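Everything quoted here is computed from the prediction, not taken from an experiment. Only this structure's heavy atoms are used, side chains among them; waters, hydrogens and symmetry mates stay out.
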Amino acid sequence: VTLVATQDNAQVTVSTGGSTFHTFAIQADNGIVLDKKLSVTVGSLYLEGDYDNSSSADSANDVTFATGLTMLTATQLTLDASAGELKPAGLLTFAAGSGIMILSSSTATGTGLLVINSDTDSVGDGTLTLVSTKVITTSNGDVEITAWDVDMSGSLTAGTGVVDITGSSNGQTLGLGMTSKDMHVSDTELSRLTSTGGARFGAQTTSGDHMLGDITVNGITAASSNNISPLLTLVAKMPVATVFFTGAASTFNAIDVTAD
């Protein structure tokens, strides 16, 4: 099902009860207002709030989310507001089975947890992609990211919120810096994460599906880690998991490391 509202100033509003579809897309000229949950059981979910890609022809262009919503899809979730922004009012969950593509900046209008899970089926094909020049700003809300991999060409600013990033599958490996693993966060990508509440890689739990395996740290520069304070935490709780500091030297404001 595709809803197309592309005449000038046309807007799509989803309200009065959540909706479930096989595959679903919304294309609107002047924004999308989401007051209720959307679920896609088989295919993808695509939300485009600014079909004509114009910042002057329309008054809104944003994709807005009421607090407490979940956007859930079996395969890929794509979020695009072009000249506008994604605007969560508070607690918001994005969940997809095989990847989340964020093509626009996001600015929270209220404080609440932002949950992003790009690999809900834990099969290793769910990458979180934030494209270049786009910024996610949470207004001091915490962020929880679960993914097989992350492509942070854009940036994430959590203010005083805590940023948690963990793998989607037990035993998944992490490379931080110059060494590529199942999930790879390069030195440059780390520099695009900003939080004065700290950041953590790896789940604290010893049950469930998200315990990291080996973590390899190689060549993290002071300039790239400086945006994370007061503490960066690495947690590798999968049985026999090890945290390796290898290759080039790494520098952090402060670091806490836990390994099995």
Side-chain angles (χ1 to χ4, degrees), residues 1-118 120 128-141 143 153-158:
V1 175
T2 301
L3 303 182
V4 180
T6 54
Q7 287 194 349
D8 193 38
N9 292 318
Q11 189 174 80
V12 173
T13 300
V14 177
S15 62
T16 317
S19 299
T20 301
F21 300 90
H22 181 283
T23 299
F24 191 51
I26 299 176
Q27 294 177 301
D29 177 67
N30 192 34
I32 301 171
V33 178
L34 296 164
D35 291 329
K36 297 296 178 181
K37 173 182 178 180
L38 289 177
S39 298
V40 172
T41 58
V42 177
S44 61
L45 175 60
Y46 177 76
L47 302 175
E48 182 180 13
D50 184 24
Y51 183 79
D52 62 358
N53 301 320
S54 172
S55 60
S56 59
D58 309 298
S59 59
N61 296 317
D62 301 323
V63 181
T64 65
F65 304 87
T67 189
L69 293 189
T70 296
M71 302 290 117
L72 174 65
T73 182
T75 59
Q76 187 172 62
L77 171 62
T78 302
L79 303 162
D80 184 10
S82 295
E85 289 189 328
L86 311 176
K87 290 190 174 180
L91 171 64
L92 177 63
T93 299
F94 295 132
S98 55
I100 295 176
M101 179 77 69
I102 301 176
L103 304 177
S104 299
S105 291
S106 174
T107 301
T109 58
T111 300
L113 175 66
L114 175 61
V115 178
I116 304 175
N117 188 337
S118 63
T120 55
L128 169 62
T129 301
L130 177 62
V131 300
S132 179
T133 75
K134 305 306 178 184
V135 181
I136 296 175
T137 304
T138 70
S139 300
N140 299 317
V143 183
S153 296
S155 58
L156 169 63
T157 300

Participant: For Thr2, give me all partners under side-chain contact (heavy atoms from CB on, under 4.5 Å), at least two apart in sequence or on another chain.
Facilitator: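 If we apply the side-chain contact (heavy atoms from CB on, under 4.5 Å) test to Thr2, skipping adjacent residues, the hits are Val4, Ala25, Gln27.
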Participant: Partners of Thr129 by side-chain contact (heavy atoms from CB on, under 4.5 Å), sequence neighbours excluded?
Facilitator: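 Partners of Thr129 by the side-chain contact (heavy atoms from CB on, under 4.5 Å) criterion, ordered by chain and then number, come out as Met101, Thr127, Val131, Asp151.
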Participant: May I ask you to check whether over 12 heavy atoms, not counting those of Lys36, lie within 6.0 Å of atom NZ?
Facilitator: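 Counting neighbours around NZ of Lys36, 12 or fewer heavy atoms of other residues, nucleotides or ligands fall under 6.0 Å, so no.
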Participant: Ignoring hydrogens, what is the shortest heavy-atom contact between Gln11 and Val33? Give both atom names and the distance.
Facilitator: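 What the structure gives for the nearest pair is OE1-CG2, 3.7 Å.
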Participant: Say you draw a straight line from CG of Leu86 to CZ of Phe94; how long is it, rounded to the nearest 0.5 Å?
Facilitator: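 That separation rounds to 6.0 Å.
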Participant: Heavy atoms, side chains only, cut-off 4.5 Å: are Thr109 and Thr64 in contact?
Facilitator: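 No. Closest side-chain heavy atoms not under 4.5 Å.
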Participant: Is Asn30 close to Asn61 at the side-chain level, that is, under 4.5 Å between some pair of heavy atoms?
Facilitator: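 SC-SC contact between Asn61 and Asn30 confirmed.
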Participant: Would you name the heavy atoms of Val14 and Ile26 that are closest together and state the gap between them?
Facilitator: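 It is CG2-CD1, 4.1 Å.
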Participant: Measure the CG-CG distance between Leu103 and Asp50 for me, rounded to the nearest 0.5 Å.
Facilitator: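 Answer for the CG-CG pair, Leu103 versus Asp50, is 12.5 Å.
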Participant: Taking the side chain as every heavy atom from C-beta outward, state whether Val143 and Ile136 have any atom pair closer than 4.5 Å.
Facilitator: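 Result no, sub-4.5 Å side-chain heavy-atom pair not found.
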Participant: Please examine the side chains of Asp29 and Asp8, heavy atoms only from C-beta on, and report whether any two atoms are closer than 4.5 Å.
Facilitator: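 Yes. Closest side-chain heavy atoms under 4.5 Å.
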Participant: Kindly indicate, with the supporting measurements, whether the criterion side chain to side chain contact (heavy atoms under 4.5 Å, CB included) is fulfilled by Thr6 and Asp52.
Facilitator: CA-CA 8 Å; Thr6 54; Asp52 62 358; over 6 Å; no
Participant: Measure the spacing between OG1 of Thr41 and CZ of Phe21 and express it to the nearest 0.5 Å.
Facilitator: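 Going from the OG1 atom of Thr41 to the CZ atom of Phe21 covers 10.5 Å.
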Participant: Between Thr157 and Val135, what is the shortest heavy-atom contact and its length?
Facilitator: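 What the structure gives for the nearest pair is OG1-CG1, 4.3 Å.
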Participant: Looking at Ala10 and Ala5, what are the two nearest heavy atoms and their distance?
Facilitator: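 Heavy atoms of Ala10 and Ala5 come nearest at CB-O, 3.4 Å.
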Participant: So does Gly43 get a backbone contact from the side chain of Thr75, meaning a donor-acceptor N/O pair under 3.5 Å?
Facilitator: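 Judged by distance alone, yes, a pair lies under 3.5 Å.
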Participant: Is it true that a side-chain atom of Thr70 and a backbone atom of Lys37 form a donor plus acceptor pair closer than 3.5 Å?
Facilitator: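 Checked: no pair found.
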Participant: Show the nearest heavy-atom pair for residues Ile32 and Glu48, with the distance to one decimal.
Facilitator: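 For Ile32 and Glu48, the tightest heavy-atom pair comes out as CD1-O, 3.5 Å.
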Participant: Any side-chain heavy atom of Leu128 within less than 4.5 Å of one from Ile102?
Facilitator: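 Yes, close enough: below the 4.5 Å cut-off.
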Participant: Would Asn53 and Ser82 count as having a side-chain donor-acceptor pair, cut-off 3.5 Å?
Facilitator: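 Side chains of Asn53 and Ser82: pair found under 3.5 Å.
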Participant: Looking at side-chain heavy atoms only, is the closest gap between Tyr46 and Thr23 below 4.5 Å?
Facilitator: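 Of all side-chain heavy-atom pairs linking Thr23 with Tyr46, none is under 4.5 Å.
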Participant: Would you give the length of the straight line joining atom CG of Leu72 to atom CG of Leu77, rounded to the nearest 0.5 angstrom?
Facilitator: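 That separation rounds to 9.5 Å.
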Participant: Let me confirm one number: the OG-CD distance from Ser106 to Glu85, rounded to the nearest 0.5 Å.
Facilitator: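 Nearest 0.5 Å value for the OG-CD distance: 7.5 Å.
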Participant: Using 0.5 Å steps for rounding, measure from the OG1 atom of Thr93 to the CD1 atom of Ile116.
Facilitator: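 If I round to the nearest 0.5 Å, the distance is 9.5 Å.
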Participant: Quick one: closest heavy-atom pair of Ser104 and Leu130, and the distance?
Facilitator: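 Heavy atoms of Ser104 and Leu130 come nearest at O-CD1, 4.5 Å.
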Participant: For residues Met71 and Leu79, determine if any side-chain heavy atom of one lies less than 4.5 Å from a side-chain heavy atom of the other.
Facilitator: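 No. Closest side-chain heavy atoms not under 4.5 Å.
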